[in-house]
Amino acid sequence: MCGIIGCTGVKCAAKTLYRGLEDLEYRGYDSAGIAVLDCGGIITVKRKGRVAALLPAIEELGGTTGIGHTRWATHGRPSDANAHPHTAGAFSVVHNGIIENYAELKKELADEGCTFFSQTDSEVVVHLLNKYYRGDLKEAVLSTVRRLRGAFALCILCKDYSGFVAVKYCNPIIVGTGGGALFAASDMPALCGLAENVAVMQDGQIAFAAEGKITFCDFSGEAASLTFSTLPVSARPARLCGFPHYMIKEINEIPAAIKATASAFTSENCAEKLARIQKKRGGFTDVVVCGCGTAFHSALAAAYCGEELLKIPVRAETAGEFRYRKSSAGAGTLFIAVSQSGETADTVEAARAAKRLGACVIAVTNVAYSAITGVADVVIPVRAGVEICVAATKSYCGQIVALALTFASLCQSSSALKSMLKELKTLGAACSAAITDCRVEDVARACASSSGVYFIGRGMDYPVALEGSLKLKEVSYVPGEGYPAGELKHGTIALIDGGTLTVAIITDKTLGEKTASAVEQICSRGGRAAVVCFKGCAPLSLKERAEFFIEVPACSACLSPAVSVIPLQLIAYRTAVILGRDPDKPRNLAKSVTVE
Ligand code: M6R
């Protein structure tokens, strides 16, 4: 989703904002823009495309106060005109979110004589500010935010105010102070190296930052306060460190992500927290595990493992469906929300919906200060570190570990948790072996020239098949599907021909024999096949039948997706590179989807 930033009291606002925007670019890269207060006026520079497109134009910009934006287009195609900041009259605004009632506001403002230069929903904000401005900035901001419906994080410049204003409603914004300057940004890494102390703004708050001081109020105008703390070391922005792309760097960080997630589970007493809430609730009747995209795939894998361990119904659901469904979840339900960013609108709202139904809510997230943590009764940390590549890799493996440990704790068998923690001591080494030993180049070439790539698996391998397919599609744009191996013959096999490739995932010997039959059926129809399997799991015949055969070290079923996914992530990465795509910033995507 879009990234926004504001600063005041710095040496050169444009350079500071540009640096911050580079760190925010993973949130959207359709266009970028900067507005600075200079010589009593507002100067705006905005361009379609990446943040770097701004560089030549900002060289000459002066000023110590400004706002910046990097856009993931929702309303209006990527263009210079639709790029933020939107400037009119005394104001300039950058916005992250969606103004749901923008059409009626736009009509009202246009009828009153406002001229609109963009197709965005955001531009109504700047016109509303001008409409309500009679020399009192606070009044104008309050009157404006009270007219808005939807989700909005805003940074605002006013030519009569020496600083900037930040507004938070349903989209994240962090304020910071350091070296006499004041800042606001969509996430903490963008403030690293700028701010020393930070505070996470709460929904319905407005910050006025000027002359070395930030004051807060709520949407009713009442003064509000926020506690600042030192910017955490973990929020340091990631750098490539010699890797060509973040995607391959982050795949290489999987062993560290697994280790850190397992040790945080212990050091943060998660098992005890879970036992307490389980006792308080008198046990659970059922479990719903919820997320979007990759997080949904780790939820689905965890549901297989959770039902086996807990022996009560455990189901996975996409958050976008759960939030609008008439669910039977209730006071006996444990609802587990899984989200790397902790800001995905559908997941946060699904968790709120579950809470309204009386369910106990657990959040499994990689971002400690994210919105989902404010909704949850218990937070289970994923410690994958900052993930920059839009395609989730190390966070998926961290989620698999955090969820498996959660279910092992809830099943109240101390041996289940103990043996999982013991296994986790060596899982990192298994992942490292998979990362270094897997030879995926030939499969990636086959993917790159295929008309469609189908991923199949049974049991725990089915969610991994879905994840392998999502990864390949999102970074290489090669079409395909993930399928339960047994379902293929019920329709999708009609698509198999010599131009297609099927990747079968096998981590269980018994189920492997069944998946092998599906591979036979594919090969008999001229389809090409690759097998990704745990050592010793695939039937011998398959080694001869499949064109490509990749083995990775075996581990227990609940943790298996963290290892078996690695070759699939590597295949997706190499396919993208072979096809000349940018795996870190795939077209049409953004890392964190904070709108519906
Ligand atoms: O931050 P979240 O885990 O809530 O994000 C959910 C999805 O948007 C995300 O996993 C998306 O599917 C990734 N691009 C997949 O690689």
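Counting starts at 1 for both ligands and their atoms, in listed order.
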Exercise for review: Nearest 0.5 Å please: distance from the CG atom of Leu427 over to the CD1 atom of Ile254.
Suggested key: 10.5 Å
Study note, to complete from the structure: Here the gap from Ile248 atom CD1 to Ile435 atom CD1, rounded to the nearest 0.5 Å, amounts to 8.0 Å
Check your understanding: Which of the atoms in ligand 1, numbered in the order shown and given with their element, are less than 4.0 Å from a heavy-atom of Ala391?
Key -> 16 (O)
Study note, to complete from the structure: Taking only non-hydrogen atoms of Lys471 and a 4.0 Å limit, the atoms of ligand 1 in range are 15 (C), 16 (O)
Practice item. Report the member of Cys292, Ala295, Ser341 with the shortest heavy-atom distance to atom 1 (O) of ligand 1. Key: Ser341
**Study point:** Check: Phe335 ring centre within less than 6.0 Å of Phe322 ring centre
**Key:** yes
Point to revise | Within the 6.0 Å centroid threshold, strictly below: His297 and Tyr396 | key: no
Would [X] count as being in polar contact with ligand 1, using the rule that some N or O on each side must be under 3.5 angstrom apart?
{"X": "Gln340", "value": "yes"}
{"X": "Ala392", "value": "yes"}
{"X": "Thr344", "value": "yes"}
{"X": "Val390", "value": "yes"}

Point to revise | Side-chain ion pair, Glu253 and Lys259, N-O less than 4.0 Å | key: no
Review point. With the threshold set at 4.0 Å, does a side-chain nitrogen-carboxylate oxygen contact exist between Arg315 and Asp286?
Key: yes
[atom] [closest protein heavy-atom partner, distance rounded to 0.1 Å]:
{"atom": "atom 8 (O) of ligand 1", "answer": "Val593 CG2, 4.2 Å"}
{"atom": "atom 11 (C) of ligand 1", "answer": "Thr294 N, 4.2 Å"}
{"atom": "atom 16 (O) of ligand 1", "answer": "Glu474 OE2, 2.3 Å"}

Check your understanding: Is the Lys NZ or Arg CZ of Arg587 less than 6.0 Å from the centre of Tyr477's six-membered ring, within 45° of the axis?
Key -> yes
Check your understanding: Quick one: does Glu343 get a heavy atom under 4.0 Å from ligand 1?
Key -> no
**Study point:** Parallel, tilted or perpendicular, as decided by the 30° and 60° cut-offs, for the rings of His69 and His84
**Key:** parallel
